[in-house]
There are 2 protein chains.
Amino acid sequence: MRNAPDGLRHALLERLMHYYHFLSDVTEAGLGETVTSGQVAELMHTDDTLVRKDLAAIGVRGLPNVGFKCAEVVSAIRDALGFDHPYRAVLIGVGRLGSAIASYRGFSSYGLEICGLFDKDPVKVGLVGGGLVVLPVQRLALVVAQHHASMAIICVPAEDAQEVADLAVSAGIKAIWNFAATDLVLPDDVFVRHEHISVGLAVLSYHLNQAARGNG
Amino acid sequence: MRNAPDGLRHALLERLMHYYHFLSDVTEAGLGETVTSGQVAELMHTDDTLVRKDLAAIGVRGLPNVGFKCAEVVSAIRDALGFDHPYRAVLIGVGRLGSAIASYRGFSSYGLEICGLFDKDPVKVGLVGGGLVVLPVQRLALVVAQHHASMAIICVPAEDAQEVADLAVSAGIKAIWNFAATDLVLPDDVFVRHEHISVGLAVLSYHLNQAARGNG
DNA sequence: TAGATTGTTAATCGATTAACAATC
DNA sequence: TAGATTGTTAATCGATTAACAATC
């Protein structure tokens with residue numbers, strides 16, 4: 001299980017996503033065809049040099065006295081992050097969170113297509129969510145093979161997560177998006193992104209307490 | 001709007017949460033009263049010196065030749081992050097994601113209590129979720145004042161998020177947990193944690209592409 | 001005591017920021 | 001041209017890692 005991506009570091013990926021959203025908005029709103037690194041930096045509360053360095057890292061060059069072409073930056077980010085090379089995922093655990101994720105319409109623009117929903121609860125099997133029918137987990141391996149799915153989105157309760165992850169890995173899954181509140185132990189060649197809500201909670205709790213203590 | 005907490009840096013907070021979960025598990029499972037920095041480091045794929053530095057930063061001292069007392073570390077982390085100083089939040093937007101969050105039972109152990117659910121849709125008003133009745137957004141300010149709520153959890157569609165955030169701020173909210181897929185522009189004294197799902201997507205997409213290109 | 005593990009100082013590493021010539 | 005903005009080199013800063021004496 002590798003947590004740190006090689007190549008582009010995590011902090012850079014996060015900043016790239018931020019640029020991406022900002023520039024997509026600018027472009028859609030027709031607010032101009034170019035931006036300067038200073039404009040982007042101001043919005044992100046960071047340094048203009050950092051913005052130029054980040055963009056240079058993904059091969060975008062700006063124009064002196066003008067700035068960067070929004071459309072060019074957007075497509076360079078899509079290319080660097082691979083959004084135009086679609087991949088498929090199975091989603092396991094169609095509870096509240098699982099069905100919220102299954103019904104999210106925005107994934108396709110990032111290259112993700114959900115090709116199967118699974119649950120071990122017979123009551124949930126057969127329900128329809130996001131245009132897909134919920135299947136029993138026993139059929140996971142088949143669907144993964146049929147659709148060449150490379151990712152599993154795990155939305156089961158914490159106590160079932162490891163079992164489900166093992167099942168996904170044995171079906172050939174190479175990346176796991178883990179929404180269960182537990183760590184997973186997995187082979188080194190399986191990439192895991194752990195989306196634990198408590199990290200956000202910790203940051204907020206810490207901040208509110210700092211503020212209450214007069215250091216905020 | 002300040003994104004970087006002073007004092008403990010974000011990466012440190014994240015590692016502390018990881019230690020916390022690991023050590024809570026160890027304690028609950030009765031797997032021993034102490035751990036060494038090396039054991040923790042191995043599990044987190046990091047360096048033992050870093051673990052000791054992190055724990056020193058929150059005032060925990062270990063015992064040479066023994067390690068750290070799990071219970072002591074856990075309570076030091078709770079103290080550093082403020083989990084034992086409860087605070088209240090209102091949740092706005094009771095769609096799929098909002099109701100999944102409203103029904104999550106684990107918040108109280110991190111000090112968070114949800115004291116009100118709100119929605120602008122009259123159809124949703126009156127529904128019950130997580131033991132609370134959904135109220136119209138017009139009553140937000142009243143509930144915030146009554147319960148001394150300091151946080152707003154925003155789960156409305158992106159296009160409504162700024163409006164709802166402004167409303168929360170004018171009601172006296174000091175921190176926002178933003179699940180809407182959009183940036184918010186807010187006063188400097190309001191702390192924002194943006195929980196954008198696309199960051200996780202970007203990391204996964206990038207990784208899968210690197211793997212496909214043979215660099216993974 | 002010998003061995004294991006800590007706490008801390010020093011060294012390294014990488015990321016961010018500053019400075020500034022090059023360019024349009 | 002003058003002014004604005006880039007790209008890049010050098011300087012700074014902070015975080016991580018290595019080394020090792022102190023401790024149980």
#### Entry: Watson-Crick or G-U counterpart of C:dC24, or none if no pair lies under 3.5 Å
D:dG3
### Message
Quick check: do A:Val51 and A:Phe68 have side-chain heavy atoms less than 4.5 Å from each other?
### Response
no
### Summary
To the nearest angstrom, the CG-C1' distance between A:Asp47 and D:dT5 comes to 14 Å
### Task
Check whether any side-chain heavy atom of A:Val203 sits under 4.5 Å from a side-chain heavy atom of B:Leu81, and report yes or no.
no
### Task
Find the distance between CD1 (A:Ile197) and CD1 (B:Ile101) and round it off to the nearest 0.5 Å.
5.0 Å
### Message
I'd like to know if B:Lys53 reaches the base of D:dT17 with its side chain such that a donor and an acceptor end up less than 3.5 angstrom apart.
### Response
yes
### Message
Any strand counts, and the cut-off is 3.5 Å on both contacts for Watson-Crick or G-U wobble. Which nucleotide pairs with C:dA18?
### Response
D:dT9
### Query
Reading nucleotides 19-24 of chain C 5' to 3', which nucleotides get B (base under 4.0 Å from a protein heavy atom), which S (sugar-phosphate only), which -?
----BB
### Message
By nearest atom, which of the nucleotides D:dT6, C:dA15, D:dT17 is closest to the B:Leu50 side chain?
### Response
D:dT17
### Query
Can you check whether B:Leu117 reaches B:Ile92 side chain to side chain, under 4.5 Å on heavy atoms?
no
## Note on the structure
Of all heavy-atom pairs linking B:Pro187 and B:Val169, the shortest is CG-CG1, 4.1 Å
#### Entry: Close side-chain approach of B:Ile153 and B:Glu195, heavy atoms under 4.5 Å
no
### Task
Specify the separation, in whole Å, of atom CG of A:Asp48 and atom P of D:dT5.
10 Å
### Query
Taking the side chain of B:Ser37 as heavy atoms from C-beta outward, which of C:dT6, C:dG7, C:dA15 is closest to it?
C:dT6
